[in-house]
Amino acid sequence: MSDIRVRFAPSPTGFLHIGGLRTALYNYLYARKNNGKFILRIEDTDRTRYVDGAIENLIESLKWAGIDYDEGVFVEDGKIVEKGEDGPYIQSQRLDIYKKYVDELIESGKAYYCFCTKERLDSVREEQKIKGQIPRYDGLCREIPLEEAKKRIANGEEYVVRLKLPHNRDISFDDAVRGKVTINTNEMDDQVLMKSDGFPTYHMAVVVDDHLMGITDVVRGEEWLPSTPKHVYLYECFGWEAPTFVHLPTVLNKDRKKLSKRQGDVSVEDFRERGYLPEGLVNYLALVGWSPEDGEEIMEMKDLIEKFTFDRVGKAGGIFDKEKLDWVNSHYIKKYSLEEIAKLSIPYMVKSGLITEEEIKADEDKYLMLIDTVRDSLDRLEEVPEKVSFLFGDLEITEEAAIEELKKEQVPELIKAFKEELNSVEKIDMDFASGVMKKIQKATGIKGKNLYMPVRAAISGNVHGPELKNIICLLGKEEILKRLDEAENLR
Ligand code: GLU
């Protein structure tokens, strides 16, 4: 066991964003590769953004993705439970801890009480904007003597606690992806550490928790990079060693803009619903911003763990390419057992109205064959109904190439021979389906493309597609006879 301890620290504000899943994944891979510990902490100090059920949802998404963790917040028998030595792991349950450390900063003069009203802060900001300055707190309360501040609090005045940044000091840290980052305190704000409701801000809570939970590496999205100097300064104030920082490039769409809800799917839930397999999504996400040294692209979790290192995480944003995701996912659709893919497809099929659950149960072998027939053409499970729909109900032939095939002169003879074969049996089985084309060939002397293309066009409406024998078997005698009649009528 190494000393490495990392954490994923989402805020329960809704569904897990795909970028959040990638952050969790990289933390997980790093922990597992190095025999470290991975912790799930819930950062719920912003009560205005709290969404009921979000914690359960986050945990469910991680579980689905195959990302497990060692300590923190879990769901067991539908209940939220916590495990580990360093709890509580839900920030809203740690308020007394934060208060203790905030008080320590106040007493040592590293933080101060601020009584400015929202109206005053707004007008200061407005003025600064007009003057073309960066809006920030003007420091009015910095010099209030502590005794006086305490009296004002005793009198019931509302207050927040702010960090008292030193003037004109460079704060530096080494980021594992970005390299050395330096920011001067003159460009920073006296960050609020504790709000008037007694809740800490993210910045205060994250530093206290990462320290108390023994986090060695803070791995998070690069949107937190500008906040890190404040955190580094807080570590210094407390006399604590800062962890290593690893800021991951943002997940971008093809226009290099942040992936946002407005452009479609962004939550893990969305991707799951569309029929991406967890292995496919995880494999692809690992590649958004990282690549292994050997250039491999198809990697299961165990391969990712083996190959993952932060030094191959890129600085530039990772582009989220849906086509590539589809390609990776299709690989896993082929790799799963047929039984699993068939089972996972049931909700999509039932929802489409093509088949009922009872019909599936009544002939499971037939259902397996149905899925087997199209599975190699799938990128996502949601496509199953559309791919198999030609096997259900009336066939309308619209494909230009199919219509062309059916105009060919040998077609009547082929149809006649096919009908004769069909009428010679009571019912179609796989034996019949596997042998019938040879028989038609024998009877007519027509072979190769001239034989297969028109038959395929007549019964499936397409000149390409899945195995002909599967199509024949799945359609059954009556349906094929009907389709052959209709094909004749098209001429
Ligand atoms: N709660 C923060 C978030 O929602 C976590 C940032 C961090 O990992 O420090 O992303």
Side-chain angles (χ1 to χ4, degrees), residues 4-31 36-51 54-59 61-62 67 69 71-73 86 88-95 98 101 163 173 175-178 181 191-193 195 199-235 240 242-251 258-261 266-268 285 289 310 313 317-318:
I4 283 175
R5 288 171 65 81
V6 291
R7 84 308 190 265
F8 178 52
S11 299
T13 55
F15 292 101
L16 179 57
H17 188 280
I18 206 80
L21 181 64
R22 194 199 53 178
T23 299
L25 175 65
Y26 284 11
N27 271 287
Y28 168 85
L29 295 175
Y30 182 65
K37 292 270 189 222
F38 181 30
I39 295 150
L40 178 69
R41 181 173 74 221
I42 299 295
E43 302 205 327
D44 61 344
T45 57
D46 187 350
R47 305 310 288 174
T48 58
R49 296 178 61 218
Y50 184 83
V51 172
I55 298 179
E56 288 88 339
N57 189 282
L58 276 163
I59 292 174
S61 291
L62 291 176
I67 296 175
Y69 46 92
E71 287 174 32
V73 185
D86 296 321
Y89 294 92
I90 298 180
Q91 289 187 328
S92 58
Q93 295 171 13
R94 299 171 61 82
L95 299 187
Y98 307 126
Y101 286 103
L163 181 60
F173 61 96
D175 185 87
V177 176
R178 296 269 154 178
V181 179
Q191 178 64 48
V192 174
L193 300 177
K195 295 174 272 186
F199 275 75
T201 55
Y202 157 71
H203 307 282
M204 180 68 197
V206 78
V207 167
V208 168
D209 288 352
D210 284 341
H211 173 72
L212 295 182
M213 295 178 187
I215 301 303
T216 53
D217 303 77
V218 166
V219 182
R220 62 185 169 201
E222 72 181 344
E223 67 270 28
W224 299 109
L225 190 74
S227 303
T228 306
K230 289 175 205 166
H231 303 172
V232 169
Y233 181 66
L234 274 171
Y235 280 99
W240 297 336
T244 299
F245 292 100
V246 186
H247 286 96
L248 307 174
T250 307
V251 178
K258 221 178 142 185
L259 267 196
S260 82
K261 187 90 202 147
V266 288
S267 77
V268 175
L285 264 185
F310 284 126
V313 172

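Throughout, numbering of the chain's residues begins at 1 and tracks the sequence. Ligands are counted one by one from 1 in listed order, and the atoms in each one are counted from 1 as well. Please read all numbers here as calculations on a predicted model, not as lab measurements.
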Evaluation steps, side-chain hydrogen bond (donor to acceptor under 3.5 Å, both in side chains), between Tyr89 and Asp209: CA-CA 9 Å; Tyr89 294 92; Asp209 288 352; over 6 Å; no
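For Arg5 and Glu71, the salt-bridge test passes: some basic side-chain N is under 4.0 Å from an acidic carboxylate O.
Using a 4.5 Å heavy-atom threshold, the side chains of Val206 and Arg220 count as touching. Inter-residue side-chain proximity for Trp224 and Pro226 is flagged as unmet; no heavy-atom pair is nearer than 4.5 Å.
Ligand 1 lies under 4.0 Å from heavy atoms of Arg7, Ala9, Ser11, Glu43, Tyr202, Val206, Arg220, Trp224.
Proximity of a side-chain donor or acceptor of Asp175 to a complementary backbone N or O of His247 within less than 3.5 Å is detected.
Lys230 contributes atom NZ, which lies 9.5 Å from atom CG of Leu193 (distance to the nearest 0.5 angstrom).
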